Amino acid sequence: MPHPSPEIILAVITTDLTRVSGGGAPIFRVESQDELERVSLYLSRILEGAIHDLENGVYVIIGH
Amino acid sequence: MEKYQISMLVGITIGFLARIYLLRVDYRQYPSYPHGYVTHISFGFIAAALGAVAIPAIMQPDFTAVTFLAVAATQFREVRKLERETLENLDASELIPRGKDYIEGIARVFEARNYLVMAVALISSGATFWGNWVYGVAGGGLALLAAFRLMSGQVVGDISEVVPASLTFKESLLMVEGIFLMNVGLPAHREKILKEGLAVLIKPRQDNARATLDNLGQRQAILHVASALLGTKRESGELEFSPAVGKDIDTGKIAIFLLPMEPDMECLIEAIQRVPILESSLRRPLATRAGRAAAD
């Protein structure tokens, strides 16, 4: 049976590397909130995914 | 003209007109390409001819002619398949798909309408055969009216109340009246959603309605119709502005969010109220004893 949720994390963008670890998706380390938002927007357009905010300085790009 | 010729002529004409009338009525469900019309009108003509020929054939008497009706049934099942396949193929390129349930509903309607046309043609040719053409026209008209009455299903506005609602963000979570819809990452996108987005609340009137609105196909149909009529700012590959739907798990209220091209709340409410209730999503828990007992 296929996995019930087809959602995949395509990329992780963070200002704080201690908040993430390992996993299948590439992690992008950025310096500021501004850069965080900009890089997230670029990646979401490139990957055709949606940007989600985990509210701890980590953004994820999800393919829906 | 011979009697049977007149009754066949009247039956075919009335049945054919009935098909055209039924095509006109369902403008919201119908994809508007002319070739689709040609297909359905031709099928309608065949249905009318089959219905009209039955009674004169029996009276002739030519009983084998009735077996044609069986052929017709097979034929019209093909209509359903044809319509389903077309719509499913087209659905892949819709920004907000209709969803399988809605498509199945439309396909079923198209099959059933051919049987209605056959019945109308049968009745009017019969009435002409035993009376005259005036009876035939009147009988066909009455049959069409009756069919139309019986076949017009409910719409969302019949089973629920649709009211305007307010959009808020709890940090990155988009909420409509406390119902969670989705997580929007970028503050710029949140601002745009707050400024231009519309939200409504669908309040089911009773438990049957609540169970019906639980159906995901029904909700998808609502999203499709709303964004088809008001437009959507969603773009391929840009998911932030997709319309969304969520349920209040305690009360069964449904929240709808849409970022429309035409931000007109009244039109949105009217569009949602007129979304048909899909046959496949219709539930009636209150029709059972256990359902009634559980409801209070």
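Basis for what follows: all heavy atoms, side chains included, without hydrogens, waters or symmetry-related copies. Bear in mind that the values here come from a model prediction, so they are computed numbers and not experimental data. A note on names: the letters A, B, ... follow the listed sequences, proteins ahead of strands, and every chain is numbered from 1.
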Q. Is the number of heavy atoms from other residues, nucleotides or ligands within 6.0 Å of CZ (B:Arg284) greater than 12?
A. no

Q) Should we count CG of B:Leu282 as having more than 12 external heavy atoms under 6.0 Å? A) yes

Q) Of the backbone (N, CA, C, O) and the side chain (C-beta and beyond), which part of B:Glu238 lies under 4.5 Å from a heavy atom of chain A, both, or neither? A) both

Q: Search all heavy atoms of A:Gly49 against all heavy atoms of B:Glu240 and return the closest pair with its distance.
A: O-OE2, 4.2 Å

**Q.** Crowding at CD, A:Glu7 (>12 non-hydrogen neighbours, <6.0 Å)
**A.** yes

(Q) Would you say that more than 12 heavy atoms from the other residues, nucleotides or ligands in this model lie under 6.0 Å from the NZ of B:Lys100, or not? (A) no

Q. Residue by residue, which of residues 179-201 of chain B have a heavy atom closer than 4.5 Å to a heavy atom belonging to chain A?
A. B:Asn183, B:Val184, B:Gly185, B:Leu186, B:Pro187, B:His189, B:Arg190

Q. Which bit of A:Ile61 comes within less than 4.5 Å of chain B, counting heavy atoms only: side chain, backbone, both or neither?
A. neither

Q: Measure across B:Lys170 and A:Glu55 and return the closest heavy-atom pair with its distance rounded to 0.1 Å.
A: O-OE2, 4.0 Å

Q. Given side chains that start at C-beta, do those of B:Glu171 and A:Asp53 come closer than 4.5 Å, heavy atoms only?
A. no

Q. For A:Ser40, is it the side chain, the backbone, both or neither that has a heavy atom under 4.5 Å from a heavy atom of chain B?
A. side chain

Q. CE of B:Met261: more than 12 outside heavy atoms within 6.0 angstrom?
A. no

